[in-house]
Amino acid sequence: MAELRVAVVGYGLAGSVFHAPLIAAEPRMRLDVVVTSSAERAEQARREHPGVRVLASAGQLFADLSGIDLVVIATPNRTHASIALAAIEAGISVVVDKPFTVTSAEAEQVIAAADRRGVALSVFQNRRWDGDFRTVQTLMANGRLGKVRRFESRIERWRPVGKGGWRELGSAADGAGYLYDLGSHLVDQVLTLFGAVTDVYCELDRRRAGVQADDDAFLALTHASGVRSHLWMSAVSAQIGPRFRVLGSEASFVLHGFDPQEAALRAGRRPNSEHSWGTVEPDCWGQLGTDGDTCRIPTEPGDYPAFYRAMADALCDGTSVPVDPHDALEALRILEQGFSAADRTVTRRR
């Protein structure tokens, strides 16, 4: 196959900051089309990716898919399933931003359609390639923690005033709120590390005035292996907790701060122009050991470009897609279970 031509549907944060730059950084791919109804974002796309075709609607794209090899869906969550199905039925491979769909039933429908049509389907779980997460994987693989007993993971922010928009003002049908937004990442990571979940406990709250969707969430998961995962997602953390705290039988690992790739992409930096992409300075490395006897562990470089590198391999060489959609389906089932339980048992506060 020659150069892969890619259409990105949606040019908000996901489309403009994550997908388009990473596609442009993959030598076997070309960003051919951006779909956005916003005149401002259309101009942004033309400025950032000279020569790109900009269309005002997904309908315009699907009216003529000639030459398109991959459709990337970076639109609001409630539209993921319908756009994915339209692309799949046209015989085009698909990448869907997280969360895969709003419901597991939709996800099953999309997976079945891709299987029937024989097209590649993957879900953009970029945080599998966070440097801090890769470091935890290596420590576990090398046995330096012993048997992991408890895994704590947080994505916390201090945003005491809401910004509006569907993520804060939307409903469950929109897939709004922090549980689905950030929880998609955290649940995917623990499923990757520890496998199947047998029990789910969830707390959801709305802490900020005027916000309609959850902005403060906690998930406690029990894995079939016996590991317990505690996951926090919050917009109202005035002091941020550790990104990871992993408690093992031989040692613990504690790491603060965030993988630098998102900030770099937001600042306009690009992975194909930096040899040190994804690296973390030593003063931000995590600590491994026991009380009074710890050492700093170098954080492995983050590698978001690996997603589209693997996607290009899948389309060109028939290898596996970077994220199996069945993994995303399982994560959705856990989020649904958590949301349902919390909706029954937790008082939602404004």
Side-chain angles (χ1 to χ4, degrees), residues 9-19 35-38 41 58 72-85 96-110 123-127 153-189 200-219 231-237 262 266 328-350:
V9 185
Y11 206 69
L13 173 65
S16 65
V17 170
F18 290 100
H19 294 284
V35 177
T36 177
S37 60
S38 164
R41 290 176 179 174
V72 175
I73 301 168
T75 53
N77 298 344
R78 59 183 170 80
T79 66
H80 286 186
S82 60
I83 297 174
L85 286 170
V96 187
D97 200 80
K98 62 81 198 168
F100 183 10
T101 57
V102 173
T103 69
S104 59
E106 288 179 333
E108 290 171 348
Q109 185 181 9
V110 174
V123 180
F124 188 67
Q125 290 289 359
N126 59 300
R127 292 196 178 275
S153 176
R154 295 169 174 83
I155 300 181
E156 296 176 329
R157 297 163 176 165
W158 177 233
R159 296 177 179 173
V161 179
K163 296 181 179 180
W166 68 268
R167 292 184 187 278
E168 294 181 346
L169 303 178
S171 66
D174 298 307
Y178 268 45
L179 179 66
Y180 273 73
D181 184 22
L182 302 180
S184 296
H185 288 308
L186 301 186
V187 171
D188 178 74
Q189 288 183 334
V200 178
Y201 169 79
C202 182
E203 299 173 5
L204 295 179
D205 287 289
R206 296 181 297 203
R207 301 293 190 182
R208 296 173 295 175
V211 170
Q212 300 301 312
D214 57 275
D215 58 5
D216 190 38
F218 170 72
L219 271 175
L231 313 176
W232 287 264
M233 303 128 267
S234 180
V236 290
S237 296
E262 178 176 347
R266 283 177 178 264
L329 169 60
E330 184 58 29
L332 268 175
R333 287 172 173 155
I334 291 168
L335 294 174
E336 284 178 330
Q337 187 176 344
F339 187 89
S340 177
D343 204 37
R344 290 195 301 269
T345 61
V346 176
T347 301
R348 295 190 167 221
R349 294 179 285 274
R350 290 188 181 276

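Predicted, not measured: the structure shown is a model, and the values here were computed from it.
- Under the 30°/60° scheme for interplanar angles, the aromatic rings of His19 and Phe124 are found to be tilted.
- Side-chain atoms of Glu168 come within 3.5 Å of backbone atoms of Gly164 as a donor-acceptor pair (strictly under, hydrogens ignored).
- For the pair Arg154/Leu231, no side-chain contact is recorded, criterion being any heavy-atom separation below 4.5 Å from C-beta on.
- Atom OG1 of residue Thr36 and atom CZ of residue Arg41 lie 6.0 Å apart, to the nearest 0.5 angstrom.
- Note that SG of Cys202 is 4.5 Å distant from CG of Leu219, once rounded to the nearest 0.5 Å.
- Considering CG of Asn77 and OH of Tyr180, their distance stands at 10.0 Å, rounded to 0.5 Å.
- Ser237 contributes no side-chain N or O that, together with a main-chain N or O of Ser234, makes up a donor-acceptor pair within less than 3.5 Å.
- For the atom pair Leu13 CG and Phe18 CZ, the distance stands at 5.5 Å (nearest 0.5 Å).
- Smallest separation of non-hydrogen atoms from Phe100 and Leu329: CD2-N, 4.3 Å.
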Kindly determine whether Arg127 and Glu262 satisfy salt bridge (charged side-chain N to carboxylate O under 4.0 Å, His left out), including the steps that lead there.
CA-CA 10 Å; Arg127 292 196 178 275; Glu262 178 176 347; 2.7 Å; yes

Salt bridge (charged side-chain N to carboxylate O under 4.0 Å, His left out) between Glu108 and Arg333: does it pass, once the steps are laid out?
CA-CA 11 Å; Glu108 290 171 348; Arg333 287 172 173 155; 2.7 Å; yes

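- Side chain of Gln125 to main chain of Lys98: no donor-acceptor pair is present (N/O by atom type, distance under 3.5 Å, no hydrogens or angles).
- For Asp214 (side chain) and Tyr178 (main-chain N/O), a donor-acceptor pair under 3.5 Å exists by modelled atom type.
- Between the side chain of Asp215 and the backbone N or O of Arg208, at least one donor-acceptor pair lies under 3.5 Å.
- Looking at Ser82, its side chain does come within 3.5 Å of a backbone N or O of Thr79 through a donor-acceptor pair.
- Rounded to the nearest 0.5 angstrom, Leu179 CG and Asp205 CG are separated by 12.0 Å.
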Go through the steps to decide whether Glu336 and Ser104 satisfy the test side chain to side chain donor-acceptor pair (under 3.5 Å), and finish with yes or no.
CA-CA 8 Å; Glu336 284 178 330; Ser104 59; 2.7 Å; yes

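- Distance check: Leu169 CG to Gln212 CD gives 6.5 Å after rounding to the nearest 0.5 Å.
- The side-chain heavy atoms of Val102 and Asp174, taken from C-beta on, include no pair separated by under 4.5 Å.
- Using a 4.5 Å heavy-atom cutoff, the side chains of Ile73 and Asp97 are not in contact.
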